Student: 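Below are the structure tokens for one structure; questions will follow.
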There are 2 protein chains.
Amino acid sequence: MPTREDTELLTVRIAELYYDENKTQDEIGALLGVTRWKVGRLLTQARERGIVRIEIVHPRARRLGVERELKERFHLVDAVVVPMGDDTKARVATAAADYLTALRPVPRTLGISWGRTLDDVADRLPNGWARGTTVVQINGGVSLNQRPGTAATTAARIAHKAGGEAVLLPSPAILERLETRLAIEADRTVAGVLELAASASVYLYSAGVADGSSVLIDSGYLTPDDVTELVRKGAVGDVLGRYIDANGNPADPGLDERTVGLELDRLRRADAAILVVSGEAKIPVTRAVVTNGLCNVLVTDENTARTLLEERALMEEL
Amino acid sequence: MPTREDTELLTVRIAELYYDENKTQDEIGALLGVTRWKVGRLLTQARERGIVRIEIVHPRARRLGVERELKERFHLVDAVVVPMGDDTKARVATAAADYLTALRPVPRTLGISWGRTLDDVADRLPNGWARGTTVVQINGGVSLNQRPGTAATTAARIAHKAGGEAVLLPSPAILERLETRLAIEADRTVAGVLELAASASVYLYSAGVADGSSVLIDSGYLTPDDVTELVRKGAVGDVLGRYIDANGNPADPGLDERTVGLELDRLRRADAAILVVSGEAKIPVTRAVVTNGLCNVLVTDENTARTLLEERALMEEL
DNA sequence: AACAGAAGTGCTCATATGAGCAGAATCGGT
DNA sequence: ACCGATTCTGCTCATATGAGCACTTCTGTT
């Protein structure tokens, strides 16, 4: 009787002849003394069982299978997953730019956050990616930043490449007192921008990690101690400058009320709320965003995607 | 006009849909707005240009392409090349065992050398690999070895698994004086074995490196100094206990005349002279054997094979 | 501007291949 | 040892695919 071992060896030989030598299944059958149907079946098995591995090696390759799983498990409209590489972050940014360029209908108004990731995406958008799209900032700026103007230039660049207008949010990200926030939001300019932001159909944003590396610390809005305290309260990271816990709720409601920018709830009703994230550290925030409907399109790397899916799979086993 | 970049991206998308999503070329064409013929052509390109990489992942996988090149360049009857892995040596041994098992016609008499490699091959031969094949040792034994009997047991094991008889060569590998060698070869038993060895149709042997690691040093036939001297004379390694230079000639004719065993020339006229080698260190001997017709079947690892081919390619560029 | 050669395109047609199915072989439990 | 259930096998047939071929479109040269 043919043992498991034998069949496997036969399968390997068949795979070699088929994929390396471009022989036809018929020829292989004749050569190895099996029917061509068996050859076909063993080839299917070989692919299924991973003996034959077909890989697409390209910086712009995607992981369609993982994307499908993500969409299904997290009820997303779309997902873009790029394979890992030494330039993973760049690949994710390129993928986001590609996605935005291909997005139909082309958004009349696009709301964006700011940060390193968004900057990378702006870099990679081609000129003419849209025709006359208005780009509006959806969370408070970084006037205190060492690299002044980054937030503003990101929006300006994206708008410029679309042949459209950039609308900046002339406000700090976080204010010291609730009253100040209310006052500044009452200001006609700021109110107008926020209104425009709320009217956008598409949002593109990233997320920050709740640790010492936060841009909000760099920018002087928070101290490292503030962040430690936030983490103690359950914060996993920030979206649009707002720190959320694993359930997608503000980790510190008091702080949240002093934060200027789009309400997170608005994201749930957007045509496209596109979260762009990459890197091991951001997995917890990403999970929070994705499990709580704070985005409906996720652009990320394979590692992040798979981690999210694994955890979810484990949970379902209970 | 479509730029190179565009086409490449299109190719990647097509490859993903075809290989990851099992869509038909027709469907892909419709989906991406190109004719199905273009889809087919781009897929061919993708394979050629390495964007799509198809790999057979299995310890018993082989490298048929490299094998073909080896056969052609070195005028071999056959070549077996296994992919690298953490168990490369084991793979090569298994491949040699497979080859021997599949060899037709089944040899009535098989001549073998001894050593670690041959031992590994013996281990991996299945019971009943042949029916009644006589296994004869073709070079002097290792009576002085710390692990006594290895050489004898190798032959015995191979013979046993074939349901045949083992014939051992009861002689030291190297003698101190030419006269002694002549005397021992004149002895009826030894002469008989050598005659039988010369009558074999198939030979299976490995090769040794000319350095301190040589089994002939371990066995006490040579001192490290002897080997250093041999290297000075151009020795690259030994085959059947005989040290050869890059041209396949005895590195030290005097020594060669004191070595007991089959003449290397006999290998050139064998139906199958199967060399089994693995490992970076053995590349020089392998090259010597292979370029000088001292084997007509080579069983080795991918690294060795590719190195031999590259060198050859370089030479041809001149 | 004209043109030869190369590269690319859409097509026909022969062939390779997978889906689906009925019968054979094998398995596992009593 | 029996029989029901599953797996395996060889097949038909519809479909997917690559080779080959005119024809078009570039490209670079005079």
Side-chain angles (χ1 to χ4, degrees), chain A residues 1-58 60-65 67-69 102 126 128, chain B residues 1-58 60-65 67-68 102 126-128:
Chain A
M1 72 225 129
T3 116
R4 153 72 55 126
E5 186 82 351
D6 283 339
T7 318
E8 197 160 294
L9 187 52
L10 179 63
T11 305
V12 173
R13 295 290 156 256
I14 289 175
E16 287 163 350
L17 291 167
Y18 191 74
Y19 287 109
D20 290 349
E21 302 289 281
N22 296 317
K23 294 213 182 295
T24 147
Q25 301 189 1
D26 239 346
E27 292 177 291
I28 298 173
L31 211 58
L32 303 183
V34 283
T35 63
R36 76 183 178 77
W37 295 285
K38 181 148 196 171
V39 172
R41 284 184 187 120
L42 288 177
L43 278 172
T44 310
Q45 263 191 43
R47 264 168 275 143
E48 281 167 357
R49 298 173 51 193
I51 291 178
V52 169
R53 188 173 299 165
I54 301 182
E55 203 185 351
I56 296 159
V57 203
H58 195 280
R60 287 172 94 151
R62 284 168 51 181
R63 290 287 185 254
L64 267 29
E67 293 178 3
R68 193 159 0 85
E69 288 181 58
Chain B
M1 76 231 122
T3 117
R4 153 71 57 125
E5 185 83 352
D6 283 339
T7 317
E8 196 161 295
L9 187 52
L10 180 63
T11 305
V12 173
R13 296 288 156 257
I14 289 175
E16 287 164 350
L17 292 168
Y18 191 75
Y19 288 108
D20 289 350
E21 302 288 281
N22 296 316
K23 294 211 182 295
T24 145
Q25 301 190 1
D26 239 347
E27 292 177 293
I28 298 173
L31 209 59
L32 303 182
V34 285
T35 63
R36 74 184 180 77
W37 297 285
K38 181 147 196 171
V39 173
R41 285 184 185 120
L42 287 177
L43 278 172
T44 310
Q45 263 191 43
R47 263 167 276 144
E48 281 167 355
R49 299 174 50 195
I51 291 178
V52 169
R53 187 173 302 163
I54 301 182
E55 203 185 348
I56 294 159
V57 202
H58 196 280
R60 286 172 95 151
R62 285 167 52 180
R63 289 286 185 255
L64 267 29
E67 293 178 2
R68 192 157 4 84
N127 281 313

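First the proteins, then the strands, lettered A, B, ... as listed; each starts at 1. Please read all numbers here as calculations on a predicted model, not as lab measurements.
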Student: Separation of B:L17 atom CG from D:dT17 atom P, in whole Å?
Tutor: 12 Å
Student: Could you state the CG-P distance from A:L42 to C:dG18, rounded to the nearest angstrom?
Tutor: 12 Å
Student: For D:dG18 and B:T44 - does any side-chain N or O of the residue sit under 4.0 Å from the phosphate oxygens OP1/OP2?
Tutor: no
Student: Could you check whether any side-chain heavy atom of A:V39 comes within less than 4.5 Å of a side-chain heavy atom of A:Y18, counting everything from C-beta outward?
Tutor: no
Student: When the distance from CD of A:Q45 to P of D:dT7 is rounded to whole Å, what number comes out?
Tutor: 12 Å
Student: Within the structure, does a side-chain N or O atom of A:T35 lie under 4.0 Å from either OP1 or OP2 of D:dT9?
Tutor: no
Student: Please report, rounded to the nearest Å, how far the C1' atom of C:dA16 is from the CG atom of A:N22.
Tutor: 13 Å
Student: In this structure, which one of A:R41, A:R49, A:R47, A:E48 forms a side-chain hydrogen bond (donor to acceptor under 3.5 Å, both in side chains) with A:Q45?
Tutor: A:R49
Student: Kindly give the heavy-atom pair with the smallest separation between A:V52 and A:A15, and that separation in Å.
Tutor: CG2-CB, 3.6 Å
Student: Check if the side chain of A:R41 and the base of D:dG10 share a donor-acceptor pair of N or O atoms closer than 3.5 Å.
Tutor: yes
Student: Between atom CH2 in B:W37 and atom C1' in D:dA19, what is the gap in whole Å?
Tutor: 14 Å
Student: To the nearest Å, give me how far apart CD1 (A:I14) and P (C:dG18) are.
Tutor: 12 Å
Student: Side-chain N or O of A:Q25 less than 4.0 angstrom from OP1 or OP2 on C:dT15?
Tutor: no
Student: Using a cut-off of less than 4.0 Å, is there contact between a side-chain N or O of A:Y18 and OP1 or OP2 of C:dT17?
Tutor: yes
Student: Send over the distance from A:K38 NZ to C:dA25 P, rounded to a whole Å.
Tutor: 14 Å
Student: Between B:R36 and A:R36, name the one whose nearest nucleotide on DNA chain C is closer to the 5' end.
Tutor: B:R36
Student: CG of B:L43 versus C1' of C:dT17: gap in Å, rounded?
Tutor: 16 Å
Student: Please find the pair of heavy atoms, one from A:I56 and one from A:R63, that lie closest to each other, and give the distance.
Tutor: O-NH1, 4.3 Å
Student: Could A:R60 and B:E8 be called an ion pair, given the rule that one side-chain N must be under 4.0 Å from one carboxylate O?
Tutor: no
